[in-house]
S.K.: 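For reference, the structure I am asking about is given below.
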Amino acid sequence: MKRKKMLAGAAVLAFAAALAAGIFLIRRYMPTSERMSGEEYFGALDNGEAAVIVEDHLAQERALVYDDGIYVDYALVQNELNSRFYWDASEELMLYTTPWEIYEIPMGGSTYTAGSETRDAGQEILRSAFGSMYMSLDFLCQYTDIKYESFSEPSRVVITLGSREVTTAEVKGDTAVRYQGGIKSPILTEAEKGSLVTVLEEMDQWSKVLTEDGYIGYIKNSRLRDFYPTQRDTYWEGEEYTSLSLDERVNLVWHQINYPEMNQNLSEDTANMTGVNVISPTWYFLSDNEGNVDSYADLAYVEEAHDKGLQVWALISNFSENVSTTELLASRQARQKVQEYLISQAQELGFDGINIDFEGIAEEAGPSYVQFMRELSILCRQNGIYLSVDVPVPMDFSRHYNRKELGVVCDYVIMMGYDEHYAGSDLVGSVASMDFEITGIQNMLTEVPKEKLVSAIPFYSRLWYTETLADGSASVTSEAVTMDQAEQLLQENGASASYDESTGQQYAQWTDAQGRLCQIWLEDENSVAARAALVSEYDLGGIAAWVLGNQQDFVWETITENIQ
């Protein structure tokens, strides 16, 4: 009897253990049926608000729903949908720039002007609400490669972009779409059998997908089939931006003109120059925030350059202590004053192109800077004038230059492939190492068509002085030197140069009479040839050089041979 009781107890314990194990396994491997509410997923929506899903993410900005349609936040338009819509606060107008004209859209109305034509959108185009500006989504679709669908409960708008490659898959059977990959993640919604989802990311067991009704979540790969990468058709053809181009690669040199009399040096400065087809004199300077411009321009210079077979692309810069480029570019009146002056000068003097060299653009001025270039491009296009722009090597801190848009509206985009180490820097190094040049070109080509990209190289080096101070700290200063000056410095100091593999240049150092360590990375025939050869290697639109007078005569033939 005692034995039977013991066996019964053991059986009960075994059953309890099995039951506990079963419950554990069920809890571990059974999918959860927990659901995430729309409010939790999309966020709380006030009355009249709608969440916005753009292609592969939930946008931070909200849309507003009115009887006459859906309106999206201008910040979303500018940052993600169509940056060619530019709010000009100085005129209180939304501007939309096409290749040939500017549309003007006032706040609160249904009509807008397109050049000399007045058009009626049939609904209010711009609205102000909650301290922000909103644009009609239907109007936006007329000028943007997007389409949208709206859904309710919760209110949401799904915007998809045209002209892009996407991967789609078919759902095998009714299945849950989960917030994250994993059966324990809460359910967002269900995808019906036969419906299509856009695959945003395919992993080993799960795929991140966008459902047709705007949920971004995860589905098991075993529940999907027919993964197809496809090129999505464009929803809107857009306008065609035409560009001018030389019949050969650009071979440009800048000619620094510091006062009007220097124009008379053109013949002497170019006496031994060969291969160059464009000369760019530094003639124009922004002089104030109202759009006035100082000029050293000279008709005789243009005529002489043309006689030499050279095109003249006049440069305008923003190097003036009296100018806030941010303030000037924000004013439509000031922008127009500069633009119209430059065009009138081209017509009066007969030069062939305009070269914009606005440097140190602040991030907040980025949209206005690009708008200036759009507007100027219209006038250049209408008058057959070449438009080129000088931009720094791509870096995270200069994204606001929007090189991609510049590559659309300008004829040529010139990458200033120098000042890797610059005046005032505490870091000693090359003006432009080969890696710096190559990386710059490769990054530029992700945004600018190769036939429009011009690689600018330096005709100068920087001599660095490092002095040890009494307190043990180091003082670093530098000065720019020409090729002749660099060669002379080595001779005077008995220094010899050796090849520096890390920069692809000859390097020399010595200690001067003041006890300072002197260091220099040289521009010579080999470094010029290597940089020029990149133009052919990457099939670029051409080469440019800063600056005429800093070179030795070998550069002309070296450049010409290597850009063919």
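These numbers come from the heavy atoms of this one structure, side chains and all, not from hydrogens, waters or symmetry mates.
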S.K.: Answer whether the closest heavy-atom distance between the side chains of Leu286 and Ser320 falls below 4.5 Å.
M.R.: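 Sidechains of Ser320 and Leu286: no contact.
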S.K.: Is Arg399 atom CZ crowded by more than 12 heavy atoms from other residues, nucleotides or ligands, each under 6.0 Å away?
M.R.: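 Not more than 12 within 6.0 Å, no.
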S.K.: Does atom NZ of Lys308 have more than 12 heavy-atom neighbours from other groups under 6.0 Å away?
M.R.: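 Correct, the count exceeds 12.
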S.K.: Do we see a donor-acceptor contact under 3.5 Å between the side chains of Asp512 and Asn493?
M.R.: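 No.
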S.K.: Taking ring pair (Phe, Tyr, Trp, His ring centres under 6.0 Å) as the test, write out the residues that go with Tyr71, two or more places apart.
M.R.: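 With neighbours one apart ignored, the set is Tyr66.
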S.K.: For Asp145 and Thr234, test the side chains for any donor-to-acceptor distance below 3.5 angstrom and give the result as yes or no.
M.R.: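 Yes.
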S.K.: Is the charged tip of Arg531 near the ring of Tyr418: under 6.0 Å from the six-membered ring centre and within 45° of its axis?
M.R.: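 Output no; distance or angle outside limits.
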S.K.: Is there a donor-acceptor contact under 3.5 Å linking the side chains of Glu61 and Tyr74?
M.R.: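 Result is no, nothing qualifies.
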S.K.: Is it true that the side chains of Ser433 and Thr503 contain a donor and an acceptor less than 3.5 Å apart?
M.R.: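 No, no side-chain donor-acceptor pair sits under 3.5 Å.
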S.K.: Decide if atom CD of Glu91 counts as having more than 12 heavy atoms of other residues, nucleotides or ligands within a radius under 6.0 Å.
M.R.: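 Yes, CD of Glu91 has more than 12 neighbouring heavy atoms, counting only those of other groups under 6.0 Å.
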S.K.: Between Asp357 and Trp254, is there a side-chain donor-acceptor contact under 3.5 Å, judged purely by atom types and distance?
M.R.: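 Side-chain D/A pair, Trp254 to Asp357: absent.
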S.K.: Can you see whether Asp288 engages Asn292 through a side-chain donor-acceptor pair at a distance of less than 3.5 angstrom?
M.R.: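 Short answer, yes.
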S.K.: Are there over 12 heavy-atom neighbours, none belonging to Glu240, within less than 6.0 Å of that residue's CD?
M.R.: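 No, CD of Glu240 has 12 or fewer neighbouring heavy atoms, counting only those of other groups under 6.0 Å.
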S.K.: Roughly how far, to the nearest 0.5 Å, is the CG atom of Leu299 from the OH atom of Tyr301?
M.R.: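 CG of Leu299 is found 13.0 Å from OH of Tyr301.
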S.K.: Could you state the interatomic distance from OH (Tyr401) to CD1 (Ile361), rounded to the nearest 0.5 Å?
M.R.: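 With rounding to 0.5 Å, OH (Tyr401) is 5.0 Å from CD1 (Ile361).
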S.K.: Would you say the side-chain atoms of Asp352 and His306 include a donor-acceptor pair closer than 3.5 Å?
M.R.: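 A donor-acceptor contact under 3.5 Å links the two side chains.
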S.K.: Please tell me whether Ser368 and Arg335 have a donor and an acceptor in their side chains that are separated by less than 3.5 angstrom.
M.R.: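 Checked: Ser368/Arg335 side chains show no N/O donor-acceptor pair below 3.5 Å.
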S.K.: Say you draw a straight line from CG of Asp390 to CE of Met415; how long is it, rounded to the nearest 0.5 Å?
M.R.: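 Interatomic distance, Asp390 CG to Met415 CE, rounded to 0.5 Å: 11.5 Å.
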S.K.: Any side-chain to backbone donor/acceptor pair from Thr270 onto Met273? Under 3.5 Å, distance only.
M.R.: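 Checked: no pair found.
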S.K.: Go through the side-chain N and O atoms of Asp484 and Gln552 and say whether any donor and acceptor fall under 3.5 Å apart.
M.R.: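 On atom types as modelled, these side chains qualify, holding a pair under 3.5 Å.
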S.K.: Side chain of Arg332, backbone of Asp88: donor and acceptor closer than 3.5 Å?
M.R.: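 No, because the side chain of Arg332 does not come within donor-acceptor range (under 3.5 Å) of the backbone of Asp88.
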S.K.: Centroid-to-centroid, Phe285 to Phe319, below 6.0 Å?
M.R.: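 Aromatic pair excluded; centres sit 6.0 Å or further apart.
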S.K.: Can a side-chain donor-acceptor contact be found between Gln333 and Ser90 if the only test is distance below 3.5 angstrom?
M.R.: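 The answer is no; no qualifying pair exists.
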S.K.: Are there more than 12 heavy atoms of other residues, nucleotides or ligands under 6.0 Å from atom CD of Glu237?
M.R.: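 Not buried by this count: 12 neighbours or fewer within 6.0 Å.
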S.K.: Between Thr160 and Arg232, is there a side-chain heavy-atom distance shorter than 4.5 Å?
M.R.: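 When only atoms from C-beta onward are counted, Thr160 and Arg232 do touch, with a gap below 4.5 Å.
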S.K.: Could you tell me whether Tyr96 and Tyr112 have their ring centroids closer than 6.0 angstrom?
M.R.: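 Ring-ring flag for Tyr96/Tyr112: false, centres at least 6.0 Å apart.
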S.K.: Can a side-chain donor-acceptor contact be found between Ser430 and Tyr507 if the only test is distance below 3.5 angstrom?
M.R.: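 No donor-acceptor contact under 3.5 Å links the two side chains.
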S.K.: How about Gln442 and Tyr538: does a side-chain donor come under 3.5 Å of a side-chain acceptor?
M.R.: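 Tyr538 and Gln442 do have a side-chain donor-acceptor pair below 3.5 Å.
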S.K.: Let me see the working for Thr97 and Gln371 under side chain to side chain donor-acceptor pair (under 3.5 Å), right down to the final yes or no.
M.R.: CA-CA 8 Å; Thr97 309; Gln371 181 63 19; 2.9 Å; yes
